[in-house]
Amino acid sequence: MMQTPSATRDLLHAPVLLKETIHALNIDQGGLYIDATYGRGGHAQAILTRLGETGCLIAMDRDAEAIEHAQANLGDDPRCHVIRAELRDLDVAFAKLSLNRNADGVLADLGVSSPQLDDARRGFSFRLDGPLDMRMDSSSDLDAATWLNRVEENELARVLREYGEERFARRIARAVVEQRQSNPITRTKQLADLVSAAVPTREKNKHPATRTFLAVRMRINAELDQLNAFLPKAVKLLVEGGRLVVISFHSLEDRLVKRFMREQARGNDYPAEVPISVSQLRPLLKVVGKAVRPSAQELERNLRARSAVLRVAERTGYCHA
Ligand SMILES: C[S@@+](CC[C@H](N)C(=O)[O-])C[C@H]1O[C@@H](n2cnc3c(N)ncnc32)[C@H](O)[C@@H]1O
């Protein structure tokens, strides 16, 4: 039975693609598994129930409230280690545990959790008024308000266009810069209203500020950089046959994961005309199956799963120098 620490009471997270993730991890009851994005532990708990006495689960997150939850629920289990760390520091965090074994599976379920989104104080939601914060790690230096009140107009437009795929990036950037001259933007509602007024058309069933909030969040939390640094580190930690499982919610993230897995499955780069064998290519990964998306039944239960894409790869026995 999961305990709920006071700070996070009532804010639940429905784990996405749970059955599919557990299947993808191909869990060995004596294996070592890393859940690099613990959240509220939906996936972690499902992994743990499949582990025997010699199994091991490492639960990681950059968010203090997620870690508080993990401590409360896993802290007393000798098979579990709870670490507050960022994805890009996976190698350092893992090394500190001195476990003398590698991982049989690494899971990253990217993006934000429902408790982060649904807590107005965290400033992730355009539906709830709160401070414009958006930091997954509340101890990090840069919050959304600070950034938004000093970023150059061109850079803001670029972020909105690239991360948010926002058609009206330029207009929104101009509106932000104009408004902040007289009135700094410090609240989520202020930003949401400003964006609503700046965009000339509406997308069906989508709040006009959806793309802006996504883009700013990705910038504040350096989400693509984190993922880029994490993927090769995860591969390095895997034993032969170990699985890397990633759930993305953004097309840029999914593209990055897909490309990474493909490149690692292709192996060393030789000119096309050079005749070579697989042992010379030494691919580090083998892609397992195709991208998996939530079923209609899951979407009926949990609309937040709608953009989820799960990809899986397995570590080969080859090594690189
Ligand atoms: C979608 S939620 C994970 C939900 C979890 N699988 C569950 O079932 O409860 C994503 C979590 O990953 C964490 N996270 C996202 N990016 C991170 C990063 N770069 N480093 C560490 N944690 C990160 C967030 O703080 C959040 O708690």
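Indexing begins at 1, ligand by ligand and atom by atom, following the structure's order. By convention here, the first residue in the shown sequence is residue 1.
Atoms of ligand 1 found under 4.0 Å from any heavy atom of Asp109, numbered from 1 in the order shown, are 1 (C), 2 (S), 3 (C), 4 (C), 5 (C), 6 (N), 10 (C). For ligand 1, the atoms closer than 4.0 angstrom to any heavy atom of Pro15 are 8 (O). Taking every non-hydrogen atom of Arg40 and a distance limit under 4.0 Å, the qualifying atoms of ligand 1 come out as 7 (C), 9 (O). Residue Gly41 approaches ligand 1 through these ligand atoms, each under 4.0 Å from one of its heavy atoms: 7 (C), 9 (O).
An N or O contact shorter than 3.5 Å is missing between Glu86 and ligand 1 by distance. Between Leu110 and ligand 1, not a single N/O pair is under 3.5 Å apart. Taking any N or O of His13, backbone or side chain, none lies under 3.5 Å from an N or O belonging to ligand 1. Distances between N or O atoms of Gly42 and those of ligand 1 include at least one value under 3.5 Å. Not one N or O of Asp63 is nearer than 3.5 Å to an N or O of ligand 1, by distance alone. Any N or O atom pair closer than 3.5 Å counts here, and Asp35 shares no such pair with ligand 1.
Nearest approach of Met261 to Leu244, heavy atoms of both residues: CE-O, 3.8 Å. Residues Val312 and Ala24 share a closest heavy-atom pair of CG2-CB, 3.5 Å. Contact between Arg121 and Asp133 at its shortest, heavy atoms only, is O-CB, 4.5 Å. Here the closest non-hydrogen pair linking Thr188 and Phe213 is O-CZ, 3.5 Å. Nearest heavy atoms, Asn102 versus Leu32: O-CB, 3.8 Å.
Side-chain atoms of Tyr163 and His250 include no donor-acceptor pair closer than 3.5 Å. No side-chain N or O of Asn73 forms a donor-acceptor pair with one of Gln45 less than 3.5 Å apart.
Among all protein heavy atoms, the one lying closest to atom 20 (N) of ligand 1 is Leu87 N, 2.9 Å. Protein heavy atom at the shortest distance from atom 5 (C) of ligand 1 is Tyr38 O, 3.2 Å. Closest to atom 12 (O) of ligand 1, if we only count protein heavy atoms, is Thr37 CB, 3.2 Å. Of all protein heavy atoms, the one closest to atom 19 (N) of ligand 1 is Gln226 OE1, 3.0 Å. The nearest protein atom to atom 25 (O) of ligand 1, hydrogens excluded, is given as Asp61 OD1, 2.7 Å; this is a heavy-atom distance. The protein non-hydrogen atom at the shortest distance from atom 23 (C) of ligand 1 is Arg62 CD, 3.7 Å.
Residue contacts with ligand 1: Phe249 is excluded, as none of its non-hydrogen atoms falls under 4.0 Å. Heavy atoms of Ala85 approach ligand 1 to within less than 4.0 angstrom.
Residue contacts with ligand 1, taken as heavy atom pairs separated by less than 4.0 Å, involve Gln116 solely via side-chain atoms from C-beta onward. With a 4.0 Å heavy-atom cut-off, ligand 1 is reached by no atom of Ala44. Of all the heavy atoms of Phe230, none lies under 4.0 Å from any atom of ligand 1, so neither backbone nor side chain is involved. At a heavy-atom distance under 4.0 Å, only side-chain atoms of Met136, from C-beta outward, approach ligand 1. When heavy-atom distances to ligand 1 are checked against a 4.0 Å cut-off, Val112 comes that close only through its backbone atoms N, CA, C and O.
The number of heavy atoms from other shown groups lying within 6.0 Å of NZ (Lys189) does not exceed 12. Within a 6.0 Å radius of CG in Asn183, other residues, nucleotides and ligands contribute more than 12 heavy atoms. By the 6.0 Å contact criterion, NE2 on His207 is enclosed, its count of non-hydrogen atoms from other residues, nucleotides or ligands being greater than 12.
For the atom pair Glu20 CD and Glu298 CD, the distance stands at 6.0 Å (nearest 0.5 Å).
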| Steps toward side-chain contact (heavy atoms from CB on, under 4.5 Å) verdict (Leu99, His81) | CA-CA 11 Å; Leu99 295 174; His81 300 270; 3.7 Å; yes
| salt bridge (charged side-chain N to carboxylate O under 4.0 Å, His left out) between Asp254 and Arg311, worked out | CA-CA 8 Å; Asp254 182 52; Arg311 294 190 186 269; 2.7 Å; yes
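When the heavy-atom distances from atom 10 (C) of ligand 1 to Ser114, Gly39, Ala308, Gly111 are ranked, the shortest goes to Gly111.
Here the rule is side-chain contact (heavy atoms from CB on, under 4.5 Å) with Leu117, and of Arg122, Arg304, Arg127 only Arg304 fits it.
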